[in-house]
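Taking it in order: structure first as structure tokens, then the write-up.
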Protein chains: 2
Amino acid sequence: MQNDCRNCPFHTKDIGTLSENGFDQLSANHLVLKFKKGDTIIKQGMYSTNVVFLRTGLAKIHLAGPYHEQIVRLVKAPTYLGLPTTVGDKINQYSVTAVSDMEVCFIDLNIFRNLLRENEQFSYEIILDLCHNELESFHRCAQRTQKLIRGNMADALLELANNIFMSDKFLLPISQAELANLVDTSRESISRILTEFDKDGIIKINGKEIEILNKKSLTLISLKG
Amino acid sequence: MQNDCRNCPFHTKDIGTLSENGFDQLSANHLVLKFKKGDTIIKQGMYSTNVVFLRTGLAKIHLAGPYHEQIVRLVKAPTYLGLPTTVGDKINQYSVTAVSDMEVCFIDLNIFRNLLRENEQFSYEIILDLCHNELESFHRCAQRTQKLIRGNMADALLELANNIFMSDKFLLPISQAELANLVDTSRESISRILTEFDKDGIIKINGKEIEILNKKSLTLISLKG
DNA sequence: TACACAATGTGATTTATATCACAAAATATT
DNA sequence: AATATTTTGTGATATAAATCACATTGTGTA
């Protein structure tokens, strides 16, 4: 047994609903692996029979668009990485790449299905989580397509500060080129807007470090473009 | 008992996995309602404790964006309409409006939860469905933002022909203004592109009727812009 | 049938942002 | 440390598509 999942400090709350037997199954049938920044965790187009769970670290979910790779979102631990891609198809429909060093659990899909089958509350929590994701997708869709780039850029910075790093000062975890594929714009526009925000005193840039000085302004830009 | 759900011809396959008891619960605790084209089935911001299932007809899922209503997708029966919006929050996070006359089942949320709790296979089918939706959102996100409007327009027409009406000849179910909010463009661009497609012999327009004459061209436009 | 209102077609103009081009910094590699 | 490679900053230019403006057609209704 690799680890006893009962004692794992990297839970999402759904795990807490497992039965004793469920915990035993999970403990006996998962693999904890370390990845380095830049490593591929899940590769679009590859066959996979594991549900992937991110214990620690930061990852990007991305997939091939018609012209370039599209980053769908950045996600931080603890979270599932490969639920839809594994549970639905066996062929991964998207890629997941490590944005920081990280630890990941691989859980055999059959075991995971068993857990779902034998643990109603667990199953329900997963449903809640998936519903939540779908709602988020809807909102993102409406926001991204209607806003100007400045607005989407403001969103991205606020998301990083509020939901990823929980701090108004952070190191940009991805390059401007990647940021462009997340915000749906060009690399050049990202650069220009960052300098502009800096000049306007909304943020302070110091190499890769970004500090949000005026969150109100940024929020306003997010709302009004 | 309104209907015996065992005999309902408008199932999705998940329903087939219910136990006898599950069928009895569902049969006793749902309401079948008729709606007319244009009626609101689910209203963003309203409180709701029902899971909504579309038996017959066509609906649009939409929500408020920063500048205008965003249509996220058109859906046709049979399908759930209000899973994420009800199961997650009690406040609806999006609206659903009838695009054709339709019949809808309202299922009490507590009953639905019971069904999930007591029917593992049913629960698993729902999870599969939600995973599938998430994957679709990812792909849509990559496609919509990277393609030119002609490409997105081609997609919309192909979607209507292949997945909604199952025919290359159909009546546009929504106005050009609504189409614009689905394809992420302006009403005028929709009009221009439709005429252009018609002039190029790719489609034939006859009032609200559209016939796809050259699906290959349309597919090519969808891929290459 | 007539009237009002909504939906559509189409030209002219404006605009946000992509693209191109290249210099400057930063980072990695030998 | 020196060189190569990637990343970033910024001006000039091009362009897809929005917006504006208005005519036309379609649809519902009094």
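Throughout, a chain's letter reflects where its sequence line sits, starting with A, and its residues are numbered from 1.
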Could you tell me whether the phosphate oxygens of [N], OP1 or OP2, come under 4.0 Å of any side-chain nitrogen or oxygen in [X]?
X: A/S191; N: D/dT10; result: no
X: B/K208; N: C/dT8; result: yes
X: A/Q176; N: D/dT6; result: no

Task: Nearest-nucleotide 5' precedence on DNA chain C, A/S186 against B/I174 - done: B/I174
Task: Ring geometry between B/F106 and B/F35 (parallel below 30°, tilted from 30 to 60°, perpendicular above 60°) - done: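 B/F35 vs B/F106 ring planes: tilted.
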Can you measure [X] atom [atom1] to [N] atom [atom2] for me and round it to whole angstrom units?
X: A/L148; N: D/dA18; atom1: CG; atom2: P; result: 12 Å
X: B/I149; N: C/dA18; atom1: CD1; atom2: P; result: 14 Å
X: B/D198; N: C/dG9; atom1: CG; atom2: C1'; result: 12 Å
X: B/I205; N: D/dG26; atom1: CD1; atom2: C1'; result: 15 Å
X: B/M153; N: D/dA18; atom1: CE; atom2: P; result: 12 Å
X: A/D184; N: C/dA18; atom1: CG; atom2: P; result: 9 Å
X: B/Y67; N: C/dA16; atom1: OH; atom2: P; result: 11 Å
X: A/N152; N: C/dA16; atom1: CG; atom2: C1'; result: 13 Å

Does [X] pair with [Y] as a salt bridge, N-O distance under 4.0 Å?
X: A/R192; Y: A/E196; value: no
X: A/D184; Y: A/R144; value: yes
X: A/K215; Y: A/D168; value: yes

- [ ] Indicate whether any N or O donor in one side chain lies under 3.5 Å from an N or O acceptor in the other, for A/S48 and A/N50.
- [x] no
Open item on the list: Let's test your reading of the model: under 3.5 Å, does the base of D/dT6 pair with the side chain of A/R187 as donor and acceptor?
Closed with: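 No pair found.
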Task: Among C/dT17, C/dC20, C/dT10, the nucleotide that comes nearest once only the side chain of B/E188 is considered - done: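 From the listed options, C/dT10 comes nearest.
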Task: Proximal nucleotide (of C/dT17, D/dA17, D/dT10) relative to the B/S189 side chain - done: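 Nucleotide nearest to B/S189's side chain: D/dA17.
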Open item on the list: Need one value for B/S175: base, sugar-phosphate or nothing, where a base atom within 4.0 Å counts as base even if backbone is also close, heavy atoms only.
Closed with: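 The residue B/S175 makes sugar-phosphate contact but no base contact.
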- [ ] Report which part of the nucleic acid B/T195 touches: base, sugar-phosphate, or nothing (heavy-atom distance under 4.0 Å, all strands).
- [x]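 Sugar-phosphate only.
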